[in-house]
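Below is one structure, written out as structure tokens, with a few remarks after it.
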Amino acid sequence: MSSDKVIMQSREQEQLLQQSQAGFDAYYDALGAALVNFVERLGIQPAHEVLTNAAEYLPYIDAAMRTIVIRDESWQWVKTMLGYFIGEYFVQGHAGCWYVETRPDSPYFCRYMVGGFEHGLPADAAIDPEALALAFLGQSVPRELATLIADAQARCAAPGGG
């Protein structure tokens, strides 16, 4: 590879990263209100407590989403809301944080991730909530969100997982 190509590639990566980081602020700022709205729309109360007790909401969201038919026009919104919930589940349960993956060599480069866990999972474990939401929505009904989350947690906890 010529040095020009390396420089161009890193400029492209830099631009991608800047766009992702700018988008992340909006994504993260919307998270709380959007997640509460999602839980309310599923008929789960008190909806606001999902922001501090996501694990307690898992069985209810799992039950609500198990056989629901998602219309095409709602699909993107539902995927985003499930990503928010899955991310918050791991952040709250393992004292982690949301971040943008900044390493160009990572398969998750520029993705919105959760990690930096302080307990229960390795500190270097990383979870892509949107990928898990996609996997969930790709399941045939009845879908099982609790099983999907438990499997992701087990993969992260396994040596070399993440």
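Quick note: residue numbers are just sequence positions, from 1.
At least one donor-acceptor pair under 3.5 Å links the side chain of Thr80 to the backbone N or O of Gln76. The closest donor-acceptor contact from the side chain of Glu40 to the backbone of Ala47 lies at 3.5 Å or more, if one exists at all. Proximity of a side-chain donor or acceptor of Glu101 to a complementary backbone N or O of Arg103 within less than 3.5 Å is detected. Remark: side-chain polar atoms of Glu88 are not paired, donor with acceptor, to backbone N or O of Ala54 under 3.5 angstrom. Checked by atom type and distance alone, the side chain of Arg143 pairs as donor or acceptor with a backbone atom of Ile68 at under 3.5 Å. Within the 3.5 Å criterion, the main-chain N or O of Gly96 finds no donor-acceptor partner in the side chain of Glu118. Side-chain N or O atoms of Asp128 include one that pairs as donor or acceptor with a backbone N or O of Ala131 at under 3.5 Å. The closest donor-acceptor contact from the side chain of Asp62 to the backbone of Glu144 lies at 3.5 Å or more, if one exists at all.
Ring geometry, Trp77 versus Phe38: the interplanar angle exceeds 60°, so the pair is classed perpendicular (tilted spans 30 to 60°). The aromatic rings of Phe117 and His94 sit perpendicular to each other, their planes meeting at more than 60°, with 30° as the lower class boundary.
How far CZ of Phe136 is from CD1 of Ile86: 8.0 Å, rounded to the nearest 0.5 Å. To the nearest 0.5 Å, atom CD of residue Glu14 and atom CG of residue Leu16 are 10.0 Å apart. In this structure, Ile61 CD1 and Ile44 CD1 are separated by 5.0 Å, a value rounded to the nearest 0.5 Å. Taken to the nearest 0.5 Å, the CG atom of Leu145 stands 6.5 Å off from the CG atom of Leu82. If you take SG on Cys110 and CD on Gln19, they are separated by 8.5 Å, rounding to the nearest 0.5 Å. Atom-to-atom distance recorded for Leu121:CG and Cys156:SG is 5.5 Å, nearest 0.5 angstrom.
Within 6.0 Å of OH in Tyr60 there are 12 or fewer heavy atoms belonging to other residues, nucleotides or ligands. Within 6.0 Å of atom OH in Tyr28, 12 or fewer heavy atoms from other residues, nucleotides or ligands are found, so the atom counts as exposed in its surroundings. Atom CG of Asp105 is surrounded by more than 12 heavy atoms from other residues, nucleotides or ligands within 6.0 Å.
Between Asp151 and Arg155, no side-chain nitrogen of the basic residue sits less than 4.0 Å from a carboxylate oxygen of the acidic one, so the salt-bridge criterion is not met.
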Start with the C-alpha gap between Tyr112 and Val100, add the side-chain angles, then the distance that decides, and say whether side-chain contact (heavy atoms from CB on, under 4.5 Å) holds. CA-CA 5 Å; Tyr112 304 157; Val100 176; 3.9 Å; yes
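Side-chain atoms of Met81 and Asn37, non-hydrogen and from C-beta on, never get closer than 4.5 Å to each other. Two residues are said to be in side-chain contact when any heavy atoms from C-beta on lie closer than 4.5 Å; Leu148 and Gln139 meet this criterion. At least one side-chain heavy atom of Val78 sits under 4.5 Å from a side-chain heavy atom of Met65. By the 4.5 Å heavy-atom criterion applied to side chains, Thr102 and Gln21 are counted as neighbours. Counting only heavy atoms from C-beta outward, the side chains of Phe90 and Ile149 approach each other to under 4.5 Å. Under the 4.5 Å side-chain criterion, counting only non-hydrogen atoms from C-beta, Val114 is not in contact with Cys97.
Nearest heavy atoms, Gln153 versus Tyr89: OE1-CE2, 3.7 Å. Minimum interatomic distance between Gly83 and Pro129 (heavy atoms only, all atoms of both residues): O-CB, 3.2 Å.
Between Trp98 and Tyr27, the ring centre distance stays below 6.0 Å.
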